[in-house]
Amino acid sequence: MKCDLAGKVSLVTGAARGIGKAIADRLAANGSTVYYTDRDADEVRHAAAGGPWLRLDVTDPAEIAAAVRHVESEAWRIDVLVNNAGVNTMAHRVPIDQFPREEWDRLLAVDLTGVYEVSKAFAGLMRRQRSGRIINIASIVGLVPLRLQCAFVAAKAGVVHLTKAMALELGPDGILVNGIAPGSTLTEGTRKLFYGEGGMFRDSVQKMLDHVPLGRPAEVDEIAVAALFLADPENTYMTGHVLVVDGGWTAGYAREF
């Protein structure tokens, strides 16, 4: 997919690897100046491949404010903001009565509060421009909860409704706010959990994929294509929508009973 993003300025959080890097690469390949940001400065500098990058921890208000000042002083505007930074838990796949409070706080701080803080910080600049796109990366678990992931599920459900609330509030200023809900996607994290040879839940992969009509996980670039569609300047009347990219996982039961 191609679109004309020449002259547009974008910023992607969590862009050092995985879905975030794929989205940032797609935006850049279509002409946008893209600020790659991540809390891992070494990795994000490498991911940016000579383009602009910033260290950005979405749980640190001071770093967020510094990022806004930097982009505003250097580029004067922000056209596309992608809130992709997120974490999940590896060790604590347990019922709620066993789920540690500190792990709950860690996930909510990045996956939900981080989206709020970064959006809040950049929304003022977009309102002054009276234009902009905000794309929030949610998850299908924010729409159809899965077991043993109470914090991640709660955070992503929050992102879904925060996206809609932001669309209502910012639409009058010409700002479109949409989300993407990926299904299982081949990233470093899912390889550790499912798809790598030593994955923690390697034995249960086929049970999960049996519920996916396409029978496989997504590639990161398949999520990036959805983000490019939402960023396309010709896509002018979609806001408050969460685009599901899950191979049909949430369409209904994919097997006979």
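In this text, all values refer to a predicted model and were calculated from it rather than measured experimentally. Position 1 is the first residue of the sequence, and the numbers go up from there.
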For the student: nearest non-hydrogen atoms of [X] and [Y], plus distance:
X: D79; Y: Q129; answer: OD1-NE2, 4.5 Å
X: A15; Y: V12; answer: CB-O, 3.6 Å
X: N178; Y: M238; answer: ND2-O, 2.8 Å
X: I180; Y: P182; answer: O-CD, 3.3 Å
X: I140; Y: A181; answer: CG2-O, 3.6 Å
X: Y36; Y: A47; answer: CE2-O, 3.6 Å

Next on the checklist: Under the criterion side chain to side chain contact (heavy atoms under 4.5 Å, CB included), I'd like the reasoning laid out for V80 against V82: C-alpha separation, chi angles, the key distance, then a yes or no.
Outcome noted: CA-CA 6 Å; V80 180; V82 182; 4.0 Å; yes
Check the hydrophobic clustering (I, L, V, M, F, W, Y; side-chain heavy atoms under 4.5 Å; chains of links allowed) and say if [X] and [Y] are grouped together.
X: W104; Y: V58; value: yes
X: V160; Y: W249; value: yes
X: I175; Y: V118; value: yes
X: M166; Y: V68; value: yes
X: L148; Y: F99; value: no

Taking the side chain from [X] and the backbone from [Y], do they hold a donor-acceptor pair closer than 3.5 Å?
X: R26; Y: A227; result: no
X: K120; Y: V115; result: no
X: R93; Y: T89; result: yes
X: R130; Y: P172; result: yes
X: T163; Y: V159; result: yes
X: S131; Y: G174; result: no
X: T250; Y: G248; result: no

Item to check | side chain to side chain contact (heavy atoms under 4.5 Å, CB included) evaluation trace for D232 with M1 | outcome: CA-CA 10 Å; D232 190 335; M1 177 179 172; 4.0 Å; yes
Sub-4.5 Å side-chain heavy-atom contact between [X] and [Y]:
X: Y35; Y: S10; answer: no
X: L5; Y: P233; answer: yes
X: P52; Y: T33; answer: yes
X: N88; Y: Q149; answer: yes
X: L209; Y: L214; answer: no
X: T185; Y: I19; answer: yes
X: L243; Y: F229; answer: yes
X: T113; Y: T59; answer: no

Could you give the distance from [atom1] ([X]) to [atom2] ([Y]), rounded to the nearest 0.5 Å?
X: R77; Y: E72; atom1: CZ; atom2: CD; result: 11.5 Å
X: I134; Y: F122; atom1: CD1; atom2: CZ; result: 10.0 Å
X: T239; Y: L168; atom1: OG1; atom2: CG; result: 8.0 Å
X: N136; Y: T13; atom1: CG; atom2: OG1; result: 9.0 Å
X: N83; Y: S119; atom1: CG; atom2: OG; result: 4.0 Å
X: Q98; Y: C150; atom1: CD; atom2: SG; result: 10.5 Å

Checklist entry - Looking at L56, I64, D57, which one forms a side chain to side chain contact (heavy atoms under 4.5 Å, CB included) with D60? => result D57
Checklist entry - Hey, which of T37, L54, L11 is the one that makes side chain to side chain contact (heavy atoms under 4.5 Å, CB included) with H70? => result L54
Checklist entry - Would L186 and V220 satisfy side chain to side chain contact (heavy atoms under 4.5 Å, CB included), going step by step from the backbone distance to the final call? => result CA-CA 6 Å; L186 281 172; V220 292; 5.7 Å; no
I'd like to know if [X] and [Y] make a salt bridge, using a cut-off of under 4.0 Å between side-chain N and carboxylate O.
X: E169; Y: R127; value: no
X: E103; Y: R106; value: yes
X: R17; Y: D40; value: yes
X: R55; Y: D38; value: no

Above 12 or not: heavy atoms from other molecules or residues under 6.0 Å from [atom1] of [X]?
X: H46; atom1: NE2; value: no
X: E234; atom1: CD; value: no
X: Y116; atom1: OH; value: no

Next on the checklist: Would L176 and I135 count as a side chain to side chain contact (heavy atoms under 4.5 Å, CB included) here? Give the steps.
Outcome noted: CA-CA 8 Å; L176 307 185; I135 303 168; over 6 Å; no
